[in-house]
Amino acid sequence: MSNGTLTVFIAIGVILSAAASIFAQDDILRAHGLLMTVIMFIGMLVVIVLSDYRPAHSRPSRKDDSPYMDDVVRFGVIATVFWGVVGFLAGVAIAAQLAWPQLNIEPYFNFNRLRPLHTSAVIFAFGGNALIATSFYVVQRTCRARLFGGDLAWFVFWGYQFFILLAATGYLVGATQSKEYAEPEWYTDIWLTIVWVAYLIVFMGTVINRKEPHIYVANWFYMAFIITVAMLHIVNNLSVPVSFLGGKSYSAFSGVQDALTQWWYGHNAVGFFLTAGFLGIMYYFIPKQANRPVYSYRLSIVHFWSLIFLYIWAGPHHLHYTALPDWASSLGMVFSIMLWMPSWGGMINGLMTLSGAWDKLRTDPVLRMMVIAVAFYGMSTFEGPMMSIKSVNSLSHYTDWTIGHVHSGALGWNGMITFGAIYYMVPKLWGREQLYSLRLVDWHLWLATIGIVIYASVMWVAGITQGLMWREYDDQGFLVNSFIDTVSAVHPEYVLRAFGGLLYLSGALLMAYNVYKTVTVGARRTEPVGAAGKQLEPAE
């Protein structure tokens with residue numbers, strides 16, 4: 001797409017956003033429209049300034065003859081790093097607000113508005129960009145074909161960034177459906193649907209045009225993630241706007257049906273967005289980093305089909321002891337327990353891929369990071385089925401135990417495997433021999449690991465404390481503890497949670513610096529730790 005055409009499209013967006021702001025019937029859409037007008041106007045000015053106005057015959061040729069379309073992947077990697085830092089910073093901020101409530105700044109920067117900003121920034125901005133970038137990288141190389149659709153891939157990338165801005169600014173001005181992992185209002189949902197369909201076309205078109213007869217297993221996981229998330233998003237976000245010039249809408253479902261639809265969506269957002277998609281990353285990048293084939297390709301296929309068929313039924317375990325029929329929540333529990341085996345089959349497959357290459361863990365911090373990610377995947381996929389059991393759920397649900405479980409999975413599994421993929425891709429995408437500093441990767445590894453271990457551990461303690469205090473009755477049947485008593489009891493754990501998050505954020509900042517230096521400078525000459533001024537013997 002030419003810069004002139006792009007400028008016209010953005011200008012149309014500026015006009016529509018300005019019209020929405022002017023004619024809006026509520027403050028939410030008015031504020032959101034104004035914000036989007038400013039953002040798109042700045043984007044239009046950037047495109048105009050960067051445009052080449054020389055006659056066409058005097059411009060250098062822009063034809064890309066490279067075998068793969070990697071510019072969009074490079075932008076995706078940069079966006080992943082940027083949104084990761086933003087999301088982790090928001091997480092540290094809200095953890096600090098829970099520990100020290102005076103840090104809540106009304107009305108835009110209180111916990112209620114920053115909390116969905118944090119979850120969406122980490123899951124959809126950081127995780128979503130990681131999945132788009134890695135899927136574009138992997139599908140081209142495993143299919144030996146350029147991305148289908150030409151500039152459509154660029155529309156997917158920039159359209160997704162625009163969705164992130166719509167969602168994030170919407171949370172701050174109060175535009176929310178109040179649905180977990182599905183907070184954006186109706187107009188943002190429609191835009192995401194358009195972008196996601198374009199993403200599906202690019203990915204599927206590349207697979208169809210492949211020059212490699214076999215479809216590698218990582219692409220199966222990516223396809224399942226793209227298709228299922230589209231279905232989940234459309235069904236759960238069926239809603240009726242109060243007005244087409246207003247920001248508020250009401251769900252097409254109500255009561256217990258709305259709750260069941262929401263957690264069918266919510267748990268499968270975890271199952272397909274945060275599990276299936278990232279398993280695609282695992283099945284490509286661990287074998288590449290270890291320079292070993294997948295341990296068992298047959299097991300990877302069993303893992304795929306078992307996961308796909310079982311995960312979709314597990315959502316009702318979020319609704320134990322509610323108005324949902326008991327048989328439905330029991331069904332969710334049974335399928336959740338059944339999920340344990342295929343999940344651990346995938347974990348074993350990932351770990352055993354290192355057979356014959358375990359010695360590389362001594363010298364390769366990137367591979368260590370990937371192995372730690374798989375270990376967290378195994379832990380989370382054991383803890384989740386255990387927490388779905390009704391007797392355990394009666395203690396754990398609605399407590400910080402659930403928060404610890406979610407973060408051990410999201411930061412331990414999704415975060416660490418993403419960091420490993422970024423460290424693998426960056427030198428190759430920018431033509432460097434290796435990363436700027438492997439020592440910084442080591443620092444990142446330990447800061448992130450210690451941070452998430454502290455976080456998850458103190459949340460387990462806090463959650464069990466809360467659960468036990470909430471079910472404590474006196475001899476007359478009255479609750480012994482008020483809610484504020486439980487809040488006061490877990491204050492030390494909240495302080496430690498903020499500290500753990502700060503360590504994790506520090507590691508992400510080191511990654512951002514390492515990526516920046518790799519792109520701009522290349523590899524730095526370093527000696528092994530403790531080797532300065534000493535000639536090492538072979539046995540050492």
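Predicted model, so just to flag it, every value in this text is computed and none were measured.
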Q. So, Gln140 and Thr206: side-chain donor and acceptor under 3.5 Å apart, yes or no?
A. no
Q: Decide side chain to side chain contact (heavy atoms under 4.5 Å, CB included) for Met36 and Thr169; before the verdict, give the C-alpha distance in whole Å, the side-chain angles of both, and the deciding distance to 0.1 Å.
A: CA-CA 9 Å; Met36 290 302 103; Thr169 54; 3.5 Å; yes
Q. Of the non-hydrogen atoms in Ala276 and Phe221, which two are nearest, and what is the gap between them?
A. O-CB, 3.3 Å
Q: Look only at the side chain of Arg210 and the backbone of Pro213, and say whether a donor-acceptor pair between them is shorter than 3.5 Å.
A: yes
**Q.** Whether Asn268 side chain and Trp264 backbone form a donor-acceptor pair below 3.5 Å
**A.** yes
Q.
For a quick test of reading the model, state the closest non-hydrogen atom pair linking Met40 to Ser17 and the distance between them.
A. CE-OG, 2.6 Å
Q | Lys/Arg cation over aromatic Tyr137: Arg141, 6.0 Å, 45° cone | A | yes
Q. Tell me, do Leu411 and Phe376 make a side-chain contact under 4.5 Å, heavy atoms counted?
A. no
Q: Examine Tyr494 together with Trp100 and report whether their ring centres are nearer than 6.0 Å.
A: no
Q) Hey, is CZ on Phe499 packed in by over 12 heavy atoms from elsewhere, all under 6.0 Å? A) no
Q | Heavy-atom side-chain proximity of Phe272 to Ile312 below 4.5 angstrom | A | yes
Q.
Any side-chain to backbone donor/acceptor pair from Tyr216 onto Tyr283? Under 3.5 Å, distance only.
A. yes
Q) Cut-off 3.5 Å, side chains only: do His233 and Thr193 have a donor facing an acceptor? A) yes
Q: First locate atom CG of Leu166, then atom CG of Leu35, and finally report the distance between them rounded to the nearest 0.5 Å.
A: 10.0 Å
Q: Grab the two heavy atoms, one from Val173 and one from Ala31, that are nearest each other, plus how far apart they are.
A: CG1-CB, 4.2 Å
Q | Minimal non-hydrogen separation, Ile28 against Gly174, with atom names | A | CD1-O, 3.4 Å
Q: Give the ring-plane orientation class for Tyr455 versus His407, where under 30° counts as parallel, over 60° as perpendicular and anything between as tilted.
A: parallel
Q: State whether the side chain of Thr188 and the backbone N or O of Pro184 hold a donor-acceptor pair below 3.5 Å, judged by distance alone.
A: no
Q | Parallel, tilted or perpendicular: rings of Tyr160 and Trp196 (30°, 60°) | A | tilted
**Q.** Main-chain N/O of Ser380 paired to Ser408 side chain as donor or acceptor, under 3.5 Å
**A.** no
(Q) Just to verify, which of Asn514, Thr418, Leu438, Asp364 counts as forming a side-chain contact (heavy atoms from CB on, under 4.5 Å) with Tyr423? (A) Asn514
**Q.** Aromatic centroids of Phe88 and His118 separated by under 6.0 Å
**A.** no
Q. Are the charged groups of Asp442 and Arg439 less than 4.0 angstrom apart, N to O?
A. no
Q.
Hydrogens and angles aside, do Gln161 and Trp83 bring a side-chain donor and acceptor to less than 3.5 Å of each other?
A. yes
Q: Indicate whether any N or O donor in one side chain lies under 3.5 Å from an N or O acceptor in the other, for Tyr199 and Ser135.
A: yes
Q. Between the side chains of Thr134 and Tyr222, is a donor N or O closer than 3.5 angstrom to an acceptor N or O?
A. yes
Q: State whether Asp70 and Lys428 are salt-bridged, where the test is any N-O pair (Lys NZ or Arg NE/NH1/NH2 against Asp/Glu carboxylate O) under 4.0 Å.
A: no
Q: Start with the C-alpha distance between Gln97 and Asn110, add both sets of side-chain angles, then the distance that settles side-chain hydrogen bond (donor to acceptor under 3.5 Å, both in side chains), and finish with yes or no.
A: CA-CA 8 Å; Gln97 286 177 336; Asn110 59 30; over 6 Å; no
Q.
Just verifying a value: how many Å separate Ile422 CD1 and Ile417 CD1, rounded to the nearest 0.5 Å?
A. 11.0 Å
Q | CA sep, side-chain torsions, deciding dist, call: Met204, Met223, side chain to side chain contact (heavy atoms under 4.5 Å, CB included) | A | CA-CA 8 Å; Met204 291 296 293; Met223 281 191 285; 3.3 Å; yes
**Q.** Under 3.5 Å side-chain donor-acceptor pair for Thr142 and Asn219
**A.** yes
Q.
Using a 3.5 Å distance criterion without hydrogens, assess whether the side chain of Arg432 forms a donor-acceptor pair with backbone atoms of Val426.
A. no
(Q) Regarding Glu183 and Arg113, does a basic nitrogen lie under 4.0 Å from an acidic carboxylate oxygen? (A) no
Q) Can you name the closest pair of heavy atoms from Ala421 and Ile281 and give their distance? A) CB-CG2, 3.8 Å
(Q) For a quick test of reading the model, state the closest non-hydrogen atom pair linking Met416 to Ile372 and the distance between them. (A) CE-CG2, 3.8 Å
**Q.** Residue that, paired with His444, satisfies ring pair (Phe, Tyr, Trp, His ring centres under 6.0 Å) out of Tyr504, Tyr513, Phe419
**A.** Phe419
Q: List the steps, then state whether salt bridge (charged side-chain N to carboxylate O under 4.0 Å, His left out) holds for Glu185 with Lys179.
A: CA-CA 10 Å; Glu185 270 290 1; Lys179 286 188 169 189; over 6 Å; no
Q) Just by distance, with hydrogens left out, do Asp258 and Ser251 show a side-chain donor and acceptor under 3.5 Å apart? A) yes
(Q) Run the side chain to side chain contact (heavy atoms under 4.5 Å, CB included) test on Leu279 and Thr275 for me, step by step, so that the C-alpha distance in whole Å, both residues' side-chain angles and the decisive distance to 0.1 Å come before the verdict. (A) CA-CA 6 Å; Leu279 286 169; Thr275 302; 3.8 Å; yes
Q) Can you tell me if Tyr171 and Thr176 form a side-chain donor-acceptor pair at under 3.5 Å? A) no
